[in-house]
Amino acid sequence: MKLYECFADKNYHTSIATTFEIDFDAYESIVLPRLRGAGCRNNIVITDSRMLTHALGGASVLPRQAGRLYTVDGRSARGVFHPKLFLQFGRRGGRLIIGSANLTASGLAGNLELVGMITCSEEDSGEQRLIARAWDYVSDLIDSDQQGMAGQRDWMLARTTWLRGATEATGLEPLSDQTAAALLTTGEQIGIGSRFATLIDASVSRLIVISLDLLGKSGGAF
Amino acid sequence: MEMAESETIKFPEWTEYSKTNGLDPLGMQNSSVNLYQTFLPGISNVTLRMRYYGLYAWLCHTYAQKVEDTNPETWKRYIRRTEALYALIAHCHGGETGVAGIEWASKAIDNSTNDDIEFAQAAEPGSETHYLKQAWGAYGAAYGSQIFETGILIRSSDHDIPLPSTDIGEPLASAFEEALGPLAAIFYEVIERGSVTRAELDQLAPLAPSEIRPTSGERALYQNILLKEPHSADPAALSRQLSVLLILKIAALLGRDPKPDEVRWILYAGYDPRERPLDLAAPALEAQRQRWWVYHANDLCHIALETLLKFTLDNLSRYRAGITLGRLVPLCVEQILQAADHTPALWAEFLNDVQPADNAYAQDNTNSEWSLSQDIVRGAGRSDEKICTPDLAWKAVTLLAILHRRIQEESRVIAAELGRFDPDAFRSLLSETCFLDRQLNEAFGETLGRILEERVVRRHLWIALRKFRYQRDYTFLIEMDEGRLRLREKDGPVFTNPRLGPAITFLKDIHLVGSQGLTDHGLQAVSGL
């Protein structure tokens, strides 16, 4: 999958991207032109607030189109704000791209990244429930006090009538390709790791543990 | 929800990552390329032998006379058969360079066990045993566009098959046929047949690229293409004529055939390494030399900045976990300053201190542009094994200052050549010396820091992103990852190649230049200037 080519897919009017790191030049040069070229003109980016400050402090080329062609906002989390979801809505369906790629040039094309993608129509399906679940997670990140972003959200909802009646996934959902998937997000009483373990109903013959020192010795992300 | 036994998990997939060997990491070589393309129009870095121009003129003429098929596929087949046969002839003749398909020809002849060598299959478009991969052969990949540029071929308004022009193409086709004599008919018959005997290859040896006869009309017409006084309304032909004359002048100065590097350096310095001046009496020739000066100075400017890029990349390679730009730049500046004899207070002071050599091509002066660039390219070239030392980085800064000073002192009119380039897309000697002009009274170390940060690292990131956006080529040497710079790949300084190699070969092919410098034909061509 060429991730950066996916943004040129049509039939969506809105995109909401969450990312840890943002490179404004990469987003505005690679992602945004493809989105807008495909008719997706209501675009929101939510990034880790400290990385946003870092980017605006000179680590990234400063944004030239934020506030005009899209909105960007920062979010804090207990460790770091690290989810990479790319949620898109259209009048007749939606799409969720979820993976490891930041909105940077290397994340979009230079690295090997892991990405899962599902699309749904207006009809009820496992995919639609997962996308509704993703929306539930992402909608909490949209600050209703921010008039512009709230306006973008309301504009999207007015044109995504199927989302109002969609059922949210609560666990593993069967998908149209005969596979199954679940969306595990933070914000629940039981941690992601424990919920993931409960979904494994077979005996574990080999467990590979990969330790990544992503966040220094504290390992805060885990 | 219980997962049914038949269900499997929807695993995520790996993304494809792009990897392209990028050229021009600072987007500066493109201004050099744009310049040199105007110096020798009609000759390219892949048009390697003059006689192909006559070969295609003859083929086009003969095709129109004998085949009369306007189907482009038929025309393509004739081109490919002609080129394949020409490669066989050249290989059999021996000692030929710059012939398309010569490796295939060598194998085809060596592997053939009988007298007949079949080439129709290898010439068939799309053939797996092709003599050349490109669909339209060397004609499509190299010569076609240049032959149109020189006016040998023109486009037809009725069909897609080119025609020889009446003023250049038809006479050249006739002269080529005349030079071949009875071999022309044999050559055409073998093309039609698609196979050739060894005896026929021996017989056709006079067609080889090096076999243009000194007294032939064919040779005279090639000389006309390169040197005839063009119409005033043809600036491309005039530029080509002046550049070719400059090469001939240099051959006369050296008393032997010049190498491409010697030509560009002598045009830049106005002298050869032995301090012998290039005497150009004609104002038009001197004006053309000044254009070459701007081109070469522009190349030296990007060499200097690409060296600083290499120095930055080598430093970055020490930080596998990455380092912020705010830390990397001062580290690099500190090392460069330590390599300097003394640290000037201001860029203006440094500019005052540097002493450009009287002869920029002097090989016994360590501060001549030639010596500095030789040290830089040898020491910090594109190979990963080569490490750019602080001393080499300092030489790059010195080279930059020498260029800046030459432009200031010698009132060089570089804006006429470089001012037409969009300053966003093209960085050049003009944009960089304008930047340095603004830095004249800034602290020296701060100026070095700004060069590294703005003119090198951020410039590279900007260029790489544009290449990715518009060409989908991922050419990042440095990546920004979680606020830190990380090394992805290395690159180093490299000169552009301004088509001088093929131009010199053409002059040898048509007997204007030989091992003793100018031949009698060459002397005649430059006489009266």
Side-chain angles (χ1 to χ4, degrees), chain A residues 1-6 20-21 23 25-26 28-30 33-34 48 50-51 54-55 57-61 80 97-102 104-118 126-127 130 169-175 177-182 199-202 213-214, chain B residues 1-20 22 320-329 424-425 449-450 453-454 457-489:
Chain A
M1 173 200 287
K2 284 186 176 168
L3 182 58
Y4 57 92
E5 298 291 18
C6 294
F20 171 58
E21 187 178 12
D23 174 348
D25 209 9
E28 293 182 0
S29 298
I30 298 165
R34 286 179 169 82
D48 181 83
R50 277 174 292 189
M51 291 307 286
H54 189 63
S60 159
V61 172
V80 290
I97 302 173
I98 184 165
S100 59
N102 279 306
T104 59
S106 52
L108 294 168
N111 297 340
L112 272 175
E113 304 276 358
L114 269 173
V115 169
M117 180 165 74
I118 52 170
E127 286 87 345
L130 288 166
T170 54
L172 204 59
E173 290 289 345
L175 304 180
D177 63 358
Q178 308 304 310
T179 64
L199 292 172
I200 299 167
D201 59 357
D213 186 21
L214 282 175
Chain B
M1 195 196 91
E2 290 291 317
M3 188 167 62
E5 279 186 15
S6 61
E7 288 176 341
T8 54
I9 300 297
K10 184 175 182 66
F11 288 107
E13 57 183 299
W14 292 107
T15 56
E16 288 178 41
Y17 77 101
S18 308
K19 184 180 185 309
T20 310
R320 294 187 64 187
I323 183 171
T324 61
L325 186 59
R327 280 189 61 212
L328 178 67
V329 168
D424 280 339
R450 286 195 66 185
E453 180 173 340
E454 294 174 26
V457 175
R458 289 197 187 278
R459 172 66 179 172
H460 167 66
L461 293 171
W462 190 89
I463 284 289
L465 198 57
R466 265 71 211 159
K467 285 185 181 175
F468 181 44
R469 176 175 179 178
Y470 296 111
Q471 301 163 20
R472 296 182 186 180
D473 291 337
Y474 194 87
T475 59
F476 286 85
L477 303 170
I478 300 170
E479 289 173 334
M480 192 76 86
D481 190 9
E482 309 204 343
R484 291 167 175 230
L485 295 180
R486 283 212 187 116
L487 177 72
R488 185 180 179 92
E489 278 192 69

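From a predicted model like this one, the values you see are computed outputs, not experimental measurements. In what follows, chains are A, B, ... by sequence order, proteins preceding strands, each numbered from 1.
- Shown here are the side chain to side chain donor-acceptor pair (under 3.5 Å) partners of B:R458, two or more places apart in sequence or in another chain: B:E453.
- Interface check for chain B: of the options A:M51, A:E113, A:M117, A:H54, the most heavy-atom pairs under 4.5 Å are formed by A:E113.
- For the side chain to side chain donor-acceptor pair (under 3.5 Å) test, no residue two or more places apart in sequence or in another chain qualifies with B:R469.
- Contacts of B:E13 with chain A are made by both backbone and side-chain atoms, with heavy-atom separations under 4.5 Å.
- Listed for the B:R488 side chain is a donor-acceptor partner under 3.5 Å among the backbone atoms of A:G110.
- Chain B forms the most heavy-atom pairs under 4.5 Å with one residue out of A:T104, A:I98, A:D25, A:D48, and that residue is A:D25.
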Item to complete: Please report the C-alpha distance between A:D177 and A:T179 in whole Å, then the side-chain angles of each, then the deciding distance to 0.1 Å, and finally whether the side chain to side chain donor-acceptor pair (under 3.5 Å) criterion is met.
Response: CA-CA 6 Å; A:D177 63 358; A:T179 64; 2.5 Å; yes

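- Considering only heavy-atom pairs separated by less than 4.5 Å from chain B, the leading option among A:I30, A:V115, A:T170 is A:V115.
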